[in-house]
Structures are given as C-alpha cells and as structure tokens.
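Accompanying notes for the structure given below.
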Amino acid sequence: MAPQKIAEILIRHIPADHPAIEKTEIAGPGFINFFIAPAAWHPVLKEIFEKDQAYGFSNTGNGQKVQIEFVSANPTGPLHVGHGRGAIVGDSVAALLTACGYDVYREYYINDAGRQIQTLGLSVFLRCRQLDGQAVDFPEDCYQGDYIQDIAKAVKDKQGDWISTVSQEEAVGFCATFAADRMIITIREVLNTLGIRFDNWYSEQALVSSGKVEAVIEKFKDQGFIYEKDDALWFKTEAFGDEKDRVVVRNNGQSTYFASDIAYHRDKLDRGFDRIIDVWGADHHGYIPRIRAAITASGKDEKQFVVILTQLVNLLRKGVPVSMGKRSGHFVTLEEVIDEVGKDAVRFIFLTRHYDSPLDFDLEVAKQKTNDNPVYYVQYVHARISSILKKARDENNITDTAYSTDAVTRITEPEEIRLIKHLARYPETLAAAAEFMEPHRVAFYLMDLAADFHAYYNKHRVLTDDPDLTAGRLVLVLGIQKVIRNGLTLLGVSAPDAM
RNA sequence: GCGCCUGUAGCUCAGCUGGAUAGAGCAACGGACUUCUAAUCCGUAGGUCGCAGGUUCGAGUCCUGCCAGGCGUACCA
C-alpha cells in the first residue's frame with residue numbers, strides 16, 4: 001500500500017477533538033504532521049520548575065556501576081592541551097552518566113613505577129649536580145623541560161647536600177619519588193582549576209607492591225597465555241586478535257607497563273564494575289587490542305571494557321601551530337592555556353567537537369568574546385535572564401516568580417512555543433549524550449537553545465504593561481535559565497548572572 | 001604494507017543512531033541600539049556531503065573499492 005494511503009487511514013483514526021492535537025495533515029511522501037496545541041506544551045514548564053536542578057536527569061543507567069579512568073598522564077611532566085581534552089571529555093562523560101542514573105567512579109591511574117620514572121629521577125639528579133657546579137652530560141632521552149630544574153632546586157632546598165653524600169642509585173631513587181609526587185600535586189592543581197576531581201588516584205607502584213602484577217603473570221604462565229622467548233616473557237595477545245604478541249617482562253627482568261596494565265584492568269573488573277571506560281588519546285589506539293586480550297584472557301567479558309579515543313589537539317595561535325612535545329624543551333602547558341583563555345572557554349571549546357574529530361585549538365580565537373567562541377553566547381543567555389529578573393524586582397516590584405498555571409496560559413507566541421518545545425527536548429538530549437558518551441551533544445543543544453532565546457529576546461519584551469503576560473513570560477524565561485544552567489553545570493561551565 | 005580516525009558552504013564544525021527542500025557560527029554584503037546587557041538580532045549570498053559502485057520505497061548516515069590527510073604499527077608509554 002502506498003505510504004500516502006496508509007497515512008490517510010491512520011489519520012482517520014485520530015480523534016478530531018483531542019485537546020493536545022490542533023490538527024493533522026499529510027505531507028510529502030506519506031508523513032503525518034501533528035500540530036500540537038500550544039497549551040499542551042505548557043506542562044513542560046511546570047516540570048522544569050518542579051524538578052529544577054534535576055530536570056533532564058533520568059534513570060536509564062539504573063544504578064549500574066561504571067568506572068571511568070581518564071587523564072592518567074605520567075607524572076613526568078606538566079599536562080598539555082591534549083591531556084586537557086581527555087580530562088574534560090572524561091569529566092563530562094562522567095557527569096552525564098551520573099545524571100542518567102549510573103553509579104560512576106572516577107579514577108586517575110598514576111604511572112609512578114617503571115622506566116619513565118627512573119628517567120625522571122635521573123633528569124632531576126643530573127640537574128642537581130649542575131646546580132652544584134659540576135659539568136655533566138645531560139642525555140637527550142632525559143626530560144629537557146625547565147620544570148626539571150625547578151624540581152632540582154626544590155630537592156636542594158629540602159635536602160641540601162644530602163644527595164652528594166649517598167650513592168647515585170639512592171639519590172636518583174629519591175629524586176624520582178620526590179619529582180613524581182611533586183608532579184602529581186601540580187597535575188591535581190591544574191585539574192582542580194578545571195573543576196575536575198577524582199574518586200581515586202590509583203598508584204601503579206602500589207599495584208606492583210601488592211603483588212598483583214606478579215600474580216597475574218604467574219597465573220597466565222600456568223594457563224599458557226605467557227611464554228618465554230629470547231629471555232623475555234611474552235603474552236599471546238595475537239591469539240586474541242592483536243597484531244603480534246607483546247612483551248610483559250623484558251630480558252633485563254624489568255616488567256613493562258603492559259604487565260601493570262593487565263593487572264590493573266583485571267583489578268578494575270574484580271572490583272565489581274559493570275562497565276569500565278578508558279579515555280585515551282588517539283595515539284594510544286594501538287593499545288586497545290592488547291588490553292582486550294588481557295581482559296578476555298582473564299575470563300572477563302571484553303564488552304564491559306570501553307575506550308573513548310580523543311583525537312589529537314593542534315594548538316595554534318592565529319592559525320600558526322604552536323610546538324608541542326614533552327621531551328623537547330619548550331611546550332605550552334595546559335595550565336598556561338587555562339590562564340590565558342579561562343576555564344569556561346577551554347572546557348566549552350573542547351566540548352563543541354565530537355571527541356572523534358581532530359581539534360584545532362586557536363588561542364587567539366579562544367580568547368575572543370564573540371560568536372567565534374560560543375561559550376559566551378550561551379552564558380549570555382543566563383546573564384540576560386538574570387538581568388531581566390533583577391529589573392523585575394527592582395523596578396517592577398515583582399517578587400513572585402513561582403510557576404503559575406494561569407500565567408503560563410499567556411504563553412502563545414510562536415517563538416515562545418518553539419522555545420518550550422526546545423526545553424522539552426533537553427531530557428532526551430541528555431539521555432542520548434549519556435548513551436553514546438558524547439557530551440558535545442549537550443553543548444550543541446545549548447547553543448541552539450541560546451539562539452532561540454536571543455531571537456525571542458530581540459523580538460518580544462518580557463516585562464510588559466500587562467502583569468499577567470509578564471508573569472507568564474517570566475516563567476518561560478526562568479525555565480530557559482534553569483535548563484541553560486543545568487546544561488552548563490553538566491559541562492563544568494559556569495552560569496554567570498552578569499557579564 | 002597493515003590498523004584506527006577524519007573528509008559536509010571560502011574557514012571551523014553539527015547533522016538526534018536511514019526519512020521531507022543538508023544546518024549553525026565565522027568570513028562577505030545589506031539592515032536593527034532614546035525600550036529587560038548590541039558578548040545580541042533580522043536579511044542576502046554561499047553545497048555534485050572526497051570519488052565510484054552497491055543495499056533500500058528512500059543514503060551525508062549502512063556495505064565494498066579507491067583517493068587525500070592525521071595517528072599508530074618497540075623488550076617506550
């Protein structure tokens with residue numbers, strides 16, 4: 001049967017006197033358009049007022065336990081913008097899942113064991129010697145950044161000449177721990193300025209000390225997943241779909257990071273999480289098959305393991321690339337970027353792209369307070385509405401801005417109905433954003449809502465000579481403000497009352 | 001070579017898990033501030049959705065191949 005025909009039959013069964021349906025019509029190749037009566041939209045505002053800060057929340061997660069591990073940058077240097085993207089995406093995904101009824105646990109895995117930390121210790125140690133006036137070769141594979149010298153100075157301040165009185169091994173060990181602790185504190189501070197906090201900072205060193213790494217290697221050996229070749233221990237990841245087998249213990253006896261990661265991911269699932277999410281930079285994507293292999297070999301369901309790969313960030317200034325790179329001396333840190341452009345702009349920019357798209361982050365654009373930089377466009381809605389409320393109080397003596405069914409019947413303008421429809425879509429936007437773990441959906445929702453509001457603001461006045469109309473419009477505008485605030489809060493962006 | 005990601009307006013990006021005439025911002029052009037903040041709004045112009053096939057009543061969206069760019073392909077992380 002032709003779609004048109006089906007539509008005609010369907011439409012005959014729709015009651016003509018239904019209060020919510022003004023009219024229906026058949027359009028195009030068989031679409032039925034329902035024209036909803038304006039009054040049918042009014043209850044949306046009531047719901048927003050009743051639920052307020054929880055408007056949009058749901059329980060689709062049904063209390064499922066989710067662990068999300070993000071940032072997890074090595075404590076061998078300051079965070080850069082790439083870490084920032086992972087941090088902000090991870091944090092917002094965590095917030096979204098929480099809003100949708102998941103029981104979310106945020107974790108930062110600290111690589112405070114292994115070779116990189118030894119290199120960090122050596123770097124600091126050598127800089128200490130230089131401070132003592134000794135001529136030393138500073139190897140290329142040591143950390144070159146200025147922060148190493150700052151740490152070296154701090155070591156000297158704290159320990160004086162102690163490091164020259166002990167063996168190099170002991171001195172380097174001390175420097176390693178000292179520097180890593182200090183870097184973690186710095187990293188934590190920067191993340192705090194972004195409004196990011198973790199439930200747990202999980203130490204690799206502690207994992208190693210607990211014996212869990214050794215235990216899993218032994219277990220996998222017994223199960224035949226790990227074998228010896230060329231004096232090293234290899235994990236049969238290829239059998240689980242990886243390109244090749246991977247080393248877990250090197251021929252010098254040192255275990256690799258992968259060995260710890262096997263134990264770590266097993267441990268995550270042992271802790272009873274229904275889902276574990278890792279947020280990684282795209283440059284780590286080759287790591288996914290081996291972690292999956294480890295999970296499957298552990299007898300767990302690899303479907304519980306999800307990776308969000310954030311594509312790389314190109315830092316620009318006026319279109320010109322700014323060099324980045326941890327080992328070369330100079331790079332712009334995340335902290336410097338936040339200082340320059342502000343936390344809200346940094347967060348919003350990272351969230352106005354799908355994490356799967358590469359991102360050009362231009363420092364000059366990020367500072368502009370124009371529509372190039374939509375964070376202000378959205379915040380301006382909140383500030384404008386606050387301003388209206390202030391004026392309502394100060395000059396119109398309106399103190400009662402509670403929801404009123406009577407007042408709301410005056411909301412009939414097409415722009416107003418359009419706005420309420422938009423507000424009604426907020427909950428499903430959140431649900432979809434959480435389901436797909438795509439916080440950018442919320443950012444785009446807010447920009448769209450902001451556009452509708454600004455257009456409305458320019459066309460209609462909220463404070464009018466008609467008290468009932470004014471009361472109705474205040475309810476509408478307050479509803480918009482609540483949703484804007486809720487959305488921005490979820491994205492970790494402030495909702496200012498004045499700009 | 002192989003693997004992952006990307007390719008939509010001059011630029012930066014969306015496109016709600018296959019539906020009507022593909023959207024927004026910036027840039028360009030023309031308008032709107034004695035009125036709740038012009039960090040705003042209104043209008044004009046701008047597209048062979050990388051290319052070629054395929055599936056479907058219907059494809060920017062799914063499949064295959066190709067092209068271009070990014071990343072990865074260590075007994076580094």
Can you tell me the distance, in whole Å, between the CD atom of A/Gln116 and the C1' atom of B/A74?
13 Å

Among residues 224-240 of chain A, which residues get a heavy atom nearer than 4.0 Å to RNA chain B?
A/Asp230, A/Ala232, A/Trp234

For the residue pair A/Tyr264 and A/Tyr202, is the inter-centroid distance of their aromatic rings smaller than 6.0 Å?
yes

Among B/A14, B/C76, B/U73, find the nucleotide with the atom closest to the side chain of A/Glu243.
B/U73

If the plane angle is over 60° it's perpendicular, under 30° parallel, otherwise tilted; pick one for A/Tyr457 and A/Phe453.
tilted

Please work out whether B/C33 sits syn or anti, treating a glycosidic angle within 90° of 0 as syn.
syn

Nearest whole Å is fine: how far is B/G43 P from A/His454 NE2?
16 Å

What contact category does A/Leu463 fall into here, base, sugar-phosphate, or nothing, at under 4.0 angstrom with non-hydrogen atoms?
base

B/G43 to B/U35 separation - P atoms, rounded to the nearest Å
23 Å

Distances under 3.5 Å between protein N/O atoms and the N/O atoms of nucleotides 32-35 of chain B, please, pair by pair.
unit_1: B/U35; atom_1: O2'; unit_2: A/Arg461; atom_2: NH1; d: 2.6
unit_1: B/U35; atom_1: O2'; unit_2: A/Arg461; atom_2: NH2; d: 3.2

Looking at A/Lys367, does any N or O in its side chain come under 4.0 Å of the phosphate oxygens OP1/OP2 on B/A39?
no

Parallel, tilted or perpendicular, as decided by the 30° and 60° cut-offs, for the rings of A/His265 and A/Phe305:
perpendicular

Proximity to the side chain of A/Arg246 - top-ranked nucleotide from B/A74, B/C41, B/G72:
B/A74

For A/Trp280 and B/G72, what is the distance between atoms CH2 and C1' respectively, to the nearest whole Å?
13 Å

Pairwise P distance, B/C51 and B/A68 [rounded to whole Å]:
15 Å

Send over the distance from A/Asp465 CG to B/C36 P, rounded to a whole Å.
14 Å

Watson-Crick or G-U pairs under 3.5 Å in RNA chain B, rendered as dot-bracket with [ ] for crossing pairs and | for another strand
(((((((..((((.....[...)))).(((((.......))))).....(((((..]....))))))))))))....

Applied to residues 417-428 of chain A, the salt bridge (Lys or Arg N to Asp or Glu O under 4.0 Å) test, sequence neighbours excluded, yields A/Arg418-A/Asp452, A/Arg425-A/Glu428

Hey, can you pull the residues of residues 411-437 of chain A with a non-hydrogen atom under 4.0 angstrom from RNA chain B?
A/Arg425, A/Glu435, A/Phe436

Side-chain (A/Asp362) to main-chain (A/Glu364) donor-acceptor, under 3.5 angstrom:
yes

Could you note down all residue pairs passing salt bridge (Lys or Arg N to Asp or Glu O under 4.0 Å) where residues 484-499 of chain A supplies at least one of them, sequence neighbours left out?
A/Asp52-A/Arg485

What string of B, S and - do you get for nucleotides 4-13 of chain B, 5' to 3', if B is base contact, S is sugar-phosphate-only contact and - is no contact with any protein heavy atom under 4.0 Å?
BSS-----SS

I want to check one thing: is the phosphate of B/C75, taken as OP1 and OP2, less than 4.0 Å away from some side-chain N or O of A/Arg115?
no

A/Tyr457 near the nucleic acid: base, sugar-phosphate alone, or nothing, with a heavy-atom cut-off under 4.0 Å?
base

B/A52 and B/C16: how far apart are their C1' atoms, nearest whole angstrom?
29 Å

Is there a side-chain polar atom (N or O) of A/Arg384 under 4.0 Å from OP1 or OP2 of B/A38?
yes

N or O in side chain of A/Tyr377 less than 4.0 angstrom from B/C41 OP1/OP2
yes

Just checking A/Asp261: base, sugar-phosphate only, or nothing, at a heavy-atom cut-off of under 4.0 Å?
nothing

Can you list everything that forms a side-chain contact (heavy atoms from CB on, under 4.5 Å) with A/Arg182? Sequence neighbours excluded, please.
A/Ile151, A/Ala154, A/Phe178

For A/Thr333, which residues count as a side-chain contact (heavy atoms from CB on, under 4.5 Å) partner, sequence neighbours excluded?
A/Pro78, A/Phe331, A/Glu335, A/Glu336

Expressed as a whole number of angstroms, how long is the span from A/Phe453:CZ to B/A24:C1'?
19 Å

Is there any salt bridge (Lys or Arg N to Asp or Glu O under 4.0 Å) pair reaching into residues 244-265 of chain A, and which pairs are they, with sequence neighbours excluded?
A/Asp242-A/Arg246

Look at all strands and tell whether A/Lys244 reaches a base, only sugar-phosphate, or nothing, counting heavy atoms closer than 4.0 Å.
sugar-phosphate

Below 30° counts as parallel, above 60° as perpendicular, anything between as tilted: where do the rings of A/Tyr287 and A/His284 land?
perpendicular

When all nucleic acid strands are considered with a 4.0 Å heavy-atom cut-off, which category describes A/His460: base, sugar-phosphate, or nothing?
base

With sequence neighbours excluded, residues passing salt bridge (Lys or Arg N to Asp or Glu O under 4.0 Å) with A/Glu218
A/Lys221

Specify whether A/Phe235 and A/Phe240 have parallel, tilted or perpendicular ring planes, treating 30° as the upper limit for parallel and 60° as the lower limit for perpendicular.
tilted

Rounded to the nearest 0.5 angstrom, the CZ-CG distance for A/Phe361 and A/Leu312 is 15.0 Å

Tell me what A/Ala392 touches on the nucleic acid: a base, only sugar-phosphate, or nothing, going by heavy atoms under 4.0 Å.
nothing

A/Ala424: side-chain contact (heavy atoms from CB on, under 4.5 Å) partners, not counting sequence neighbours:
A/Trp41, A/Val44

